[in-house]
Trainee: 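Structure incoming, see below.
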Amino acid sequence: REISGGETHAYNLTLAAGAFTHVTVEQRGINIAISVFVDGQRLRTVENVGVGASEEFSLIAERAFNYRFEVEAPDKHSYAIIVHESRPSTEQDKARVEGQKLVEEGMMLFYRQTKQARREAVDKFQKSFASWQAANDKLGEARAYHMAAHTYNQLGETQKGQDLAMQGLAVAKASGDPSVEAYLLDT
């Protein structure tokens with residue numbers, strides 16, 4: 001679907017109590033942000049990757065909910081939304097959602113561009129490692145390592161950044177995504 005700069009597209013998704021679903025928003029030449037709402041309250045903001053990569057998020061409904069999510073873009077381009085599945089949630093799903101939320105919170109702190117916020121962002125990224133491990137999601141874990149290492153570098157703490165990047169390298173290799181491995185090597 002095409003979107004113009006400054007425009008917001010809204011979508012509704014109904015989930016039964018205890019249901020899990022995974023959503024991918026393919027960015028086609030733009031960087032979009034996705035806000036997720038329930039009962040009029042913003043639950044999450046997803047803006048974790050750059051232009052061209054897909055934004056992904058998962059939801060687990062604590063009770064039957066009608067979720068609303070909004071897609072916003074600064075420029076005119078197109079995107080596609082894919083709702084992968086809706087099924088009963090598992091413990092791995094719960095861990096994945098927790099990892100996603102921690103990374104999303106870390107990214108919002110990172111975007112504030114203050115030293116204090118970036119230190120808090122590193123903490124969120126590092127806390128997400130355990131969730132990604134519990135979810136057996138090597139790609140999510142490797143991306144969190146990259147963001148933690150990158151944030152340390154932005155803080156001028158390059159040795160800490162390099163150490164984390166090296167720790168995350170084995171995880172990135174296991175993820176099967178060479179781009180994350182390249183990001184860690186470049187950190």
Side-chain angles (χ1 to χ4, degrees), residues 20-34 36 43-60 80 82-85 87-187:
F20 166 87
T21 195
H22 183 78
V23 178
T24 300
V25 181
E26 295 177 351
Q27 304 181 99
R28 298 180 179 156
I30 57 172
N31 187 25
I32 59 168
I34 303 139
V36 181
L43 292 181
R44 297 164 65 179
T45 299
V46 183
E47 189 176 5
N48 299 335
V49 297
V51 174
S54 295
E55 294 285 2
E56 298 187 26
F57 63 96
S58 300
L59 300 168
I60 297 176
I82 303 163
V83 178
H84 294 281
E85 59 185 324
R87 58 173 169 73
S89 65
T90 66
E91 289 304 312
Q92 280 188 321
D93 296 332
K94 292 174 186 174
R96 177 173 289 104
V97 169
E98 182 60 26
Q100 289 175 348
K101 287 179 180 179
L102 286 165
V103 168
E104 291 160 11
E105 291 167 8
M107 292 303 295
M108 292 300 109
L109 289 163
F110 179 84
Y111 293 142
R112 288 189 193 163
Q113 299 183 6
T114 67
K115 281 194 173 204
Q116 180 60 34
R118 289 206 168 155
R119 289 191 189 292
E120 292 173 24
V122 167
D123 185 55
K124 295 285 186 180
F125 298 137
Q126 289 180 313
K127 283 181 180 175
S128 78
F129 298 166
S131 296
W132 295 119
Q133 290 164 4
N136 196 28
D137 187 331
K138 298 293 186 197
L139 183 58
E141 184 181 357
R143 287 178 175 162
Y145 267 105
H146 169 253
M147 284 311 304
H150 176 69
T151 305
Y152 270 131
N153 287 344
Q154 293 291 307
L155 287 166
E157 299 177 30
T158 55
Q159 188 58 54
K160 287 182 181 179
Q162 289 175 347
D163 291 346
L164 264 182
M166 290 302 106
Q167 289 174 26
L169 200 52
V171 177
K173 287 180 182 182
S175 78
D177 186 336
S179 67
V180 179
E181 189 176 343
Y183 290 140
L184 284 163
L185 287 169
D186 190 45
T187 300

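What you see is a predicted model, and the numbers here were worked out from it, not measured in a lab.
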Trainee: Any donor and acceptor pair, going by atom type alone, linking the side chain of Tyr152 with main-chain N or O of Leu164 inside 3.5 Å?
Mentor: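 No; zero donor-acceptor contacts below 3.5 Å.
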
Trainee: Is Glu104 salt-bridged to Lys101, cutoff N-O under 4.0 Å?
Mentor: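 Not counted as a salt bridge, because no side-chain N and carboxylate O are separated by less than 4.0 Å.
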
Trainee: Is there side-chain contact between Thr21 and His84, with heavy atoms separated by less than 4.5 Å?
Mentor: no

Trainee: The criterion is salt bridge (charged side-chain N to carboxylate O under 4.0 Å, His left out); which residues satisfy it with Lys173, sequence neighbours excluded?
Mentor: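 Scan of Lys173 (salt bridge (charged side-chain N to carboxylate O under 4.0 Å, His left out), adjacent residues dropped) gives none.
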
Trainee: On a heavy-atom basis, which atom in Gln100 and which in Glu56 lie closest, and how many Å separate them?
Mentor: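 In this case the closest contact between Gln100 and Glu56 is NE2-O, 4.4 Å.
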
Trainee: Can you tell if the side chain of Glu47 reaches within under 4.5 Å of the side chain of Met108, non-hydrogen atoms only?
Mentor: yes

Trainee: About how many Å separate CZ of Arg118 and CZ of Arg112, when rounded to the nearest 0.5 Å?
Mentor: 12.0 Å

Trainee: In plain terms, say whether Arg119 and Glu157 are close enough for a salt bridge, that is, a side-chain N and a carboxylate O under 4.0 Å apart.
Mentor: yes

Trainee: At what distance, to the nearest 0.5 angstrom, does CG of Leu109 lie from CG of Asp123?
Mentor: 9.5 Å

Trainee: If you look at every heavy atom in Arg96 and Ser58, which pair is closest and at what distance?
Mentor: CD-OG, 4.0 Å

Trainee: So which atom in Thr151 and which in Val122 form the shortest heavy-atom distance, rounded to 0.1 Å?
Mentor: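 Nearest heavy atoms, Thr151 then Val122: CG2-CG2, 3.4 Å.
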
Trainee: Could you please spell out the steps behind the side-chain contact (heavy atoms from CB on, under 4.5 Å) verdict for Met107 and Met147?
Mentor: CA-CA 8 Å; Met107 292 303 295; Met147 284 311 304; 3.6 Å; yes

Trainee: If you look at every heavy atom in Leu102 and Ser131, which pair is closest and at what distance?
Mentor: CD1-OG, 4.1 Å

Trainee: Which heavy-atom pair separates Ala144 from Trp132 by the least distance, and what is that distance?
Mentor: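 Nearest pair, atom of Ala144 first, then Trp132: CB-NE1, 3.8 Å.
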
Trainee: Does either side chain, that of Asp163 or that of Gln159, offer a donor lying less than 3.5 Å from an acceptor on the other one?
Mentor: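 Yes.
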
Trainee: For Phe125 and Val103, which heavy atoms make the closest approach, and how far apart are they?
Mentor: CE2-O, 3.7 Å

Trainee: Say you draw a straight line from NZ of Lys138 to CG of Asn136; how long is it, rounded to the nearest 0.5 Å?
Mentor: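 Rounded to the nearest 0.5 Å, the NZ-CG separation comes out at 6.0 Å.
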
Trainee: Between atom CD1 of Ile32 and atom OG of Ser54, what is the distance when rounded to the nearest 0.5 Å?
Mentor: 8.5 Å

Trainee: Would you mind listing every ring-ring contact (aromatic ring centres under 6.0 Å, His included) that reaches into residues 159-187, with sequence neighbours excluded?
Mentor: His146-Tyr183

Trainee: Give, for atom CZ of Phe20 and atom OG1 of Thr90, the distance between the pair rounded to the nearest 0.5 Å.
Mentor: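 Here the rounded value is 7.0 Å.
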
Trainee: Kindly indicate, with the supporting measurements, whether the criterion side-chain contact (heavy atoms from CB on, under 4.5 Å) is fulfilled by Asp93 and Arg87.
Mentor: CA-CA 10 Å; Asp93 296 332; Arg87 58 173 169 73; 2.5 Å; yes

Trainee: Nearest 0.5 angstrom please: Ile60 CD1 to Lys94 NZ, how far?
Mentor: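 The CD1 atom of Ile60 sits 6.5 Å away from the NZ atom of Lys94.
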
Trainee: Check the angle between the aromatic planes of His150 and Phe110 and answer parallel, tilted or perpendicular using the 30° and 60° thresholds.
Mentor: tilted

